[in-house]
Amino acid sequence: MMVPLALLVLAGLAAAVAPRVLTRSSWPEREPVLGLLVWQCVVVAVLLCCVLAMAFSAAAAWQVVRGHVFAPAPSGVEEAYGLGLGSYGPWAGALAVLLACGGAWTGAMLLREVYEARGRRRRRRAELRERAPRLPGEEPGDGDRLVVLEGEKPDAWWLPGGTPQLVVTTAALRRLKGRRLDALLEHEQGHARARHDWLMHCSSALAAGFPRVPVFAAFRDQVHTLVEMAADDVASKRYGRLTTALALVELNEDRGVFGPAPTPLAQVPHRVHRLLSAAPRLTVSRRLRMTAAAVLVMAVPLVVAFVPGLSALR
């Protein structure tokens, strides 16, 4: 059985088919948290296929690797895979090296993304210190979670890091009152509690490293959309859909996002419409079934990889 090839075919099918199925479905907008989980499971399954294919290819090409891979396996399991030297031809070593280079490239892209994100945070923190300096005699404290910044444009954002901070401009405080301001702050805190920044870093790194792989590009685009919807839901659960939608409108009405021309914030009108339309959530039983199916997607590569070994133990 050509296990490495079967795993690569499975990875290719998942990378090509899953984005088309998920992007054409409407349910992720009703359940953005579940949608994020499904996307992560699909991406993990694709990466797991590549890792397992690399391990079996390296085991077929080099005796040293095979000894480590099958060291804890009972007798007869190694023979079931037919990984004798030369049995897979000269492509086994080349494939293992190619997949290893892909893994190294993925790690390099993730490190670059994290490094650039930290650089952006340092620049923004330096800008905050310049625009909102401490008063004479004021000492930094652990409670400095909220920074009010003088600004003519209403805005608010969460600045992640070792000491995360919520930044709000004075224009946002003047425009948003009462529960609408609370909904905006709850939205940003929802991002922080769910650590959406790390999810966005991982998706951006995969898309930057492999721009021609459909699943990674779609994963990045969908993550950027679904994390905002998930944070909207966090705010709407506490302050209501109408209040959250009005807060989004008031915060973004001067940015041209509701006009005909596309802008970087073109998803805001769709988010407002989603909040106002109030589509019902999926039933609990359906959410459980979809969660189980997402977990099973990650188990498929393991089943493909271990079926020959388990068959040898009968």
Side-chain angles (χ1 to χ4, degrees), residues 29 32 116-135 138 140-141 143-161 163-197 199-201 204 221 223-278:
E29 294 188 2
E116 292 179 351
R118 288 182 175 179
R120 290 191 296 269
R121 286 201 299 267
R122 285 194 297 267
R123 290 191 294 270
R124 300 193 76 172
R125 289 187 187 278
E127 181 184 357
L128 285 179
R129 287 193 296 269
E130 180 180 350
R131 296 178 61 184
R134 298 186 182 278
L135 297 175
E138 183 180 4
D144 298 338
R145 301 292 183 179
L146 177 64
V147 177
V148 178
L149 193 64
E150 185 71 30
E152 299 179 355
K153 295 182 179 180
D155 201 358
W157 66 90
W158 187 268
L159 191 60
T163 55
Q165 293 177 307
L166 178 59
V167 184
V168 184
T169 63
T170 53
L173 295 178
R174 288 193 297 266
R175 176 167 294 185
L176 299 175
K177 302 296 183 181
R179 291 173 60 85
R180 297 178 189 178
L181 178 60
D182 294 336
L184 173 64
L185 300 181
E186 186 69 18
H187 172 99
E188 297 301 332
Q189 291 173 356
H191 283 310
R193 287 193 293 266
R195 299 309 303 268
H196 287 157
D197 54 319
L199 186 56
M200 295 174 70
H201 290 333
S204 298
D221 297 338
V223 161
H224 282 67
T225 300
L226 293 177
V227 295
E228 295 297 336
M229 292 182 177
D232 289 342
D233 287 348
V234 170
S236 65
K237 285 178 182 177
R238 186 168 182 180
Y239 298 103
R241 287 178 173 268
L242 178 59
T243 301
T244 306
L246 290 175
L248 283 175
V249 172
E250 292 182 359
L251 186 68
N252 295 282
E253 61 183 350
D254 294 337
R255 301 179 183 181
V257 299
F258 296 100
T263 69
L265 297 173
Q267 62 175 329
V268 173
H270 182 66
R271 289 165 53 194
V272 172
H273 180 268
R274 171 181 174 270
L275 287 169
L276 296 178
S277 62

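Excluded from the calculations below are hydrogen atoms, water molecules and symmetry mates; all remaining heavy atoms, backbone and side chain alike, are included.
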Exercise. Testing Thr243, Leu184, Asp232 for side chain to side chain contact (heavy atoms under 4.5 Å, CB included) with Leu248, which one passes?
Worked result: Asp232

For this session: Under the side chain to side chain contact (heavy atoms under 4.5 Å, CB included) rule, what do Leu242 and Leu276 come out as? Steps first, then yes or no, please.
Result: CA-CA 6 Å; Leu242 178 59; Leu276 296 178; 3.9 Å; yes

Exercise. Can you find a pair of side-chain heavy atoms, one from Leu149 and one from Trp157, that are under 4.5 Å apart?
Worked result: yes

For this session: Evaluate the side-chain proximity of Gln267 to His224: yes if any heavy-atom separation is below 4.5 Å, no if none is.
Result: no

Seminar exercise, completed: d(Gln189 CD, Trp158 CH2) to nearest 0.5 Å is 5.5 Å

For this session: Heavy atoms only: give me the nearest Leu251-Ala172 pair and the separation to one decimal.
Result: CD1-CB, 4.4 Å

Problem set entry | Closest non-hydrogen atom pair, Ala183 against Ala235 | O-CB, 3.4 Å

Regarding [X] and [Y], does a basic nitrogen lie under 4.0 Å from an acidic carboxylate oxygen?
{"X": "Arg238", "Y": "Glu186", "answer": "yes"}
{"X": "Glu152", "Y": "Arg174", "answer": "no"}
{"X": "Asp197", "Y": "Arg195", "answer": "yes"}

Exercise. Quick one: do the Glu29 and His270 side chains pair a donor with an acceptor below 3.5 Å?
Worked result: yes

Exercise. So, Arg180 side chain and Leu246 main chain: donor-acceptor pair closer than 3.5 Å or not?
Worked result: no

Exercise. Does Thr169 use its side chain to pair, donor to acceptor, with the backbone of Lys153 at less than 3.5 Å?
Worked result: yes

Problem set entry | For Arg123, side-chain contact (heavy atoms from CB on, under 4.5 Å) partners two or more places apart | Arg120

Seminar exercise, completed: Residues at least two apart in sequence or cross-chain that pass ring pair (Phe, Tyr, Trp, His ring centres under 6.0 Å) with His191, listed by chain then number, are His187, His196

Problem set entry | Contacts of Asp155 that satisfy side chain to side chain donor-acceptor pair (under 3.5 Å) - sequence neighbours left out | Arg255

